[in-house]
J.: 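Below: one structure in structure tokens.
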Amino acid sequence: MKNLRVKYFYQLIASHMGVLVFAVAILSTLFIFYGERVAYSDKAEELERYGEQILQELEQARPGTDLQSYVTVLEAQNINFIVFDQQSRILYPINGNFPSVELTPEEWNVIERGETLVVYRDVERFERSMTFVALPYVERSTLAGGCYWLPL
């Protein structure tokens with residue numbers, strides 16, 4: 001009888017440990033997924049704020065005069081930006097090793113509607129996970145291109 005109680009006790013411990021391990025695995029997965037989404041969302045909001053400031057600078061009487069100061073600040077945070085036109089040509093910076101602006105037709109439609117485009121994991125295009133944001137650049141009430149933000 002004593003042997004059965006010991007066996008039952010070990011079975012009970014094993015089943016409780018199994019449930020605990022399963023619960024911890026599920027909660028860890030959910031926490032990682034949620035944390036990743038929050039991190040990408042925060043990065044997108046940060047890039048949007050920078051984008052709005054740069055676009056305001058481009059609307060000034062002498063556009064582009066203070067863009068180098070933005071470049072310096074953003075490079076310290078491992079962030080690059082590109083100003084491009086509707087033909088996907090890079091207008092700013094003039095020199096640099098940046099990937100060409102390759103937006104899908106659906107992504108262009110978002111920008112043409114005047115909305116901010118946020119893409120969270122674009123592994124194929126940049127060969128790594130990242131967040132990038134593209135804001136429409138409107139000049140004299142027409143779309144002139146966009147401002148494209150991506151981490152280094």
Side-chain angles (χ1 to χ4, degrees), residues 13-152:
I13 293 278
S15 68
H16 280 70
M17 291 300 289
V19 168
L20 283 173
V21 167
F22 181 72
V24 167
I26 294 291
L27 289 175
S28 297
T29 303
L30 291 174
F31 180 74
I32 289 169
F33 177 75
Y34 178 74
E36 189 175 88
R37 292 289 292 174
V38 167
Y40 282 116
S41 177
D42 287 348
K43 180 57 92 175
E45 288 176 16
E46 176 186 15
L47 295 176
E48 283 182 57
R49 284 192 303 271
Y50 287 132
E52 289 166 0
Q53 291 173 352
I54 296 277
L55 290 175
Q56 286 176 358
E57 175 66 31
L58 290 172
E59 292 171 358
Q60 301 292 323
R62 293 178 52 208
T65 55
D66 291 333
L67 289 183
Q68 188 57 42
S69 61
Y70 286 107
V71 170
T72 305
V73 169
L74 294 173
E75 280 182 349
Q77 298 180 26
N78 290 330
I79 298 172
N80 271 326
F81 73 93
I82 300 167
V83 179
F84 59 94
D85 64 10
Q86 283 189 304
Q87 288 74 37
S88 298
R89 293 182 302 230
I90 297 175
L91 303 175
Y92 187 89
I94 296 171
N95 55 1
N97 286 334
F98 297 104
S100 61
V101 180
E102 297 176 10
L103 299 175
T104 65
E106 295 83 21
E107 292 169 342
W108 267 111
N109 288 338
V110 170
I111 293 174
E112 287 172 349
R113 288 192 307 262
E115 298 173 9
T116 299
L117 171 70
V118 178
V119 176
Y120 291 109
R121 294 180 145 232
D122 201 9
V123 177
E124 295 171 5
R125 188 173 302 153
F126 298 107
E127 299 173 2
R128 63 183 173 143
S129 298
M130 65 179 1
T131 301
F132 78 82
V133 175
L135 290 115
Y137 173 43
V138 178
E139 198 172 51
R140 294 183 210 109
S141 300
T142 59
L143 181 70
C147 193
Y148 191 69
W149 298 85
L150 61 151
L152 290 173

J.: Using every non-hydrogen atom in the two residues, find where Leu135 and Gly51 come nearest and quote the distance to one decimal.
T.: CD1-CA, 3.6 Å

J.: Going by atom type alone, with no hydrogens or angles, which donor-acceptor pairs under 3.5 Å involve a side-chain atom of residues 14-29 and a protein atom two or more places apart or on another chain?
T.:
from  : atom 1 : to    : atom 2 : distance (Å)
Ser15 : OG     : Gln11 : O      : 3.4
Ser15 : OG     : Leu12 : O      : 2.9
His16 : ND1    : Leu12 : O      : 2.8
Ser28 : OG     : Val24 : O      : 2.8
Thr29 : OG1    : Ala25 : O      : 2.9

J.: Would you mind writing out the side-chain donor-acceptor pairs for residues 112-119 within the sub-3.5 Å range, not counting sequence neighbours?
T.:
from   : atom 1 : to     : atom 2 : distance (Å)
Arg113 : NE     : Glu115 : OE2    : 3.3
Arg113 : NH2    : Glu115 : OE1    : 3.3

J.: Using salt bridge (charged side-chain N to carboxylate O under 4.0 Å, His left out) as the criterion, list what pairs up with Glu45, not counting sequence neighbours.
T.: none

